[in-house]
Amino acid sequence: MTITWSLQGWDGCRLVQVNSTVPFTFGDASEMSGEGASRQGDAQRRRGEQKRGEELRRHILFAAKDVFQETGYERASMDAVALRAKTSKRSLYAHFESKDKLFLAVLDLIRELYLGRLKTPDAYAEDQAEAVTLFCGRFLQLMTWEPQVRTCRLSISVAERQPGSSNAYFDAVIASTLERLSAYLAEHCAMSVADGTALAEDLISRTVLPRLLRTLLNVERPITDDPDDAALAEQVDLDAMRRVVATALPSRPARPE
């Protein structure tokens with residue numbers, strides 16, 4: 001917005017006129033009156049509520065995930081989630097009738113995002129030992145990533161009061177990983193499902209749990225950079241994992257000459 005003004009006056013014996021156009025900008029949010037800030041907040045909420053149905057539900061879940069991770073379950077509130085999602089409490093409660101149910105839905109979202117990044121062992125390599133190594137390495141990389149560490153700690157903190165929530169997190173992340181690894185081992189290493197499950201649990205306990213526990217207890221720093229596939233070798237000791245996997249996998253019969 002611009003304002004144009006003119007001024008007439010005497011310069012010695014001459015009448016002069018000065019015309020000027022100057023820019024005029026509104027102050028930022030910190031300079032607004034209380035009423036102006038309120039109008040801005042209302043506008044943000046209206047923009048949030050323009051989303052409908054499944055799009056709005058998913059938008060709320062991402063906002064809630066951030067709130068839970070940043071503040072913890074106890075301090076998180078439906079008001080805070082509505083504010084972060086830029087939607088009304090009425091819209092929030094229309095999708096999630098309680099904080100407990102919202103938290104469970106967030107865990108489902110985390111499972112979806114996590115498994116999408118983890119993939120299955122056969123996506124990493126054709127060689128069985130290398131596929132298992134990279135799968136376990138990727139699992140460790142994702143579990144020691146700072147946002148996942150916060151989520152894991154959050155689930156542990158509510159385990160006594162809300163065992164359903166902590167069980168849901170275990171199923172979403174730990175159990176799903178074990179299922180993928182055990183299924184791969186049973187299929188590619190010619191072993192029973194029970195033996196594949198036992199071997200998967202042994203491999204995870206030896207390659208992932210030591211560092212994961214140190215990270216959860218703040219003995220070791222979590223990964224802060226994005227856990228990209230390309231950074232796996234930098235963020236995880238794959239050579240140590242290869243040694244564990246090589247001794248754990250059953251020996252393959254020699255090819256006939």
Side-chain angles (χ1 to χ4, degrees), residues 104-145 147-156 158-159 163-217 220 222-223 227-233 235-255:
L104 289 173
V106 167
L107 292 179
D108 286 338
L109 173 66
I110 290 172
R111 178 182 187 275
E112 172 193 336
L113 298 174
Y114 164 77
L115 291 179
R117 301 192 76 165
L118 178 64
K119 299 178 288 190
T120 55
D122 53 9
Y124 291 94
E126 293 185 4
D127 179 78
Q128 296 172 12
E130 187 65 6
V132 171
T133 297
L134 295 178
F135 179 81
C136 291
R138 182 65 168 154
F139 179 42
L140 176 60
Q141 182 190 32
L142 292 173
M143 288 301 297
T144 53
W145 183 37
Q148 187 68 270
V149 170
R150 289 200 301 265
T151 304
C152 189
R153 288 171 177 165
L154 175 62
S155 298
I156 294 172
V158 302
S165 297
S166 56
N167 289 343
Y169 177 78
F170 179 86
D171 291 339
V173 178
I174 308 299
S176 297
T177 301
L178 288 170
E179 287 173 5
R180 289 187 173 190
L181 181 55
S182 62
Y184 177 86
L185 293 171
E187 179 181 354
H188 291 81
C189 297
M191 59 179 60
S192 67
V193 173
D195 289 342
T197 300
L199 180 54
E201 292 178 349
D202 178 64
L203 284 169
I204 294 299
S205 66
R206 295 167 62 189
T207 61
V208 175
L209 288 187
R211 180 175 168 183
L212 175 57
L213 289 175
R214 291 196 302 270
T215 306
L216 289 174
L217 295 173
E220 188 168 332
I223 295 171
D228 189 76
D229 283 335
L232 179 58
Q235 297 172 341
V236 174
D237 187 353
L238 292 176
D239 288 337
M241 285 195 173
R242 289 187 178 99
R243 291 191 290 270
V244 172
V245 171
T247 60
L249 289 185
S251 301
R252 285 174 289 183
R255 294 179 180 179

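Excluded from the calculations below are hydrogen atoms, water molecules and symmetry mates; all remaining heavy atoms, backbone and side chain alike, are included.
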Find out whether Val245 and Leu203 are in side-chain contact, i.e. whether some heavy atom of one side chain is under 4.5 Å from a heavy atom of the other. yes
Selection residues 167-190 - residue pairs positive for salt bridge (charged side-chain N to carboxylate O under 4.0 Å, His left out), sequence neighbours left out: none
Please list, chain by chain and in numerical order, all residues satisfying salt bridge (Lys or Arg N to Asp or Glu O under 4.0 Å) with Arg150, sequence neighbours excluded. none
Go through it in stages, so that I can follow the logic: the residues are Leu107 and Ser155, the test is side chain to side chain contact (heavy atoms under 4.5 Å, CB included), and I'd like the CA-CA distance, side-chain angles, deciding distance and then a yes or no. CA-CA 9 Å; Leu107 292 179; Ser155 298; 4.2 Å; yes
So does His188 get a backbone contact from the side chain of Gln128, meaning a donor-acceptor N/O pair under 3.5 Å? yes
Can you confirm whether Leu249 sits close enough to Leu199 that some side-chain heavy atom of one is under 4.5 Å from a side-chain heavy atom of the other? yes
Compare all side-chain heavy atoms of Tyr184 with those of Thr120 and state whether any distance is below 4.5 angstrom. no
Give me the atom names and distance for the closest heavy-atom approach of Pro210 to Ser205. CD-O, 3.3 Å
pair Val132-Tyr124: side-chain heavy atoms closer than 4.5 Å: no
Heavy-atom distance under 4.5 Å between the side chains of Pro227 and Arg117, does that happen here? yes
Run through Asp127, Asp229, Leu232 and flag the one making a side chain to side chain contact (heavy atoms under 4.5 Å, CB included) with Leu134. Leu232
Side-chain heavy-atom pair Met143, Ile174 within 4.5 angstrom cut-off: yes
Pairs satisfying salt bridge (charged side-chain N to carboxylate O under 4.0 Å, His left out), at least one member in residues 199-212, at least two apart: Asp202-Arg206, Arg211-Glu220
Kindly say whether Ala131 contributes a backbone atom to a donor-acceptor pair with the side chain of Glu126 at under 3.5 angstrom? no
Please step through side chain to side chain contact (heavy atoms under 4.5 Å, CB included) for the pair Ser182 and Leu178, ending with a clear verdict. CA-CA 6 Å; Ser182 62; Leu178 288 170; 5.6 Å; no
With salt bridge (charged side-chain N to carboxylate O under 4.0 Å, His left out) as the rule and sequence neighbours excluded, what pairs involving residues 239-249 come up? Glu130-Arg242, Asp239-Arg242
Side chains of Phe135 and Thr177 in contact at under 4.5 Å (non-hydrogen atoms): yes
Of all residues at least two apart in sequence or in a different chain, which pass the ring-ring contact (aromatic ring centres under 6.0 Å, His included) check with Tyr114? none
Do Cys136 and Leu181 have side chains that approach each other closer than 4.5 Å (heavy atoms only, starting at C-beta)? yes
Under the side-chain contact (heavy atoms from CB on, under 4.5 Å) test, residues paired with Glu112 that sit two or more places apart: Arg58, Leu109
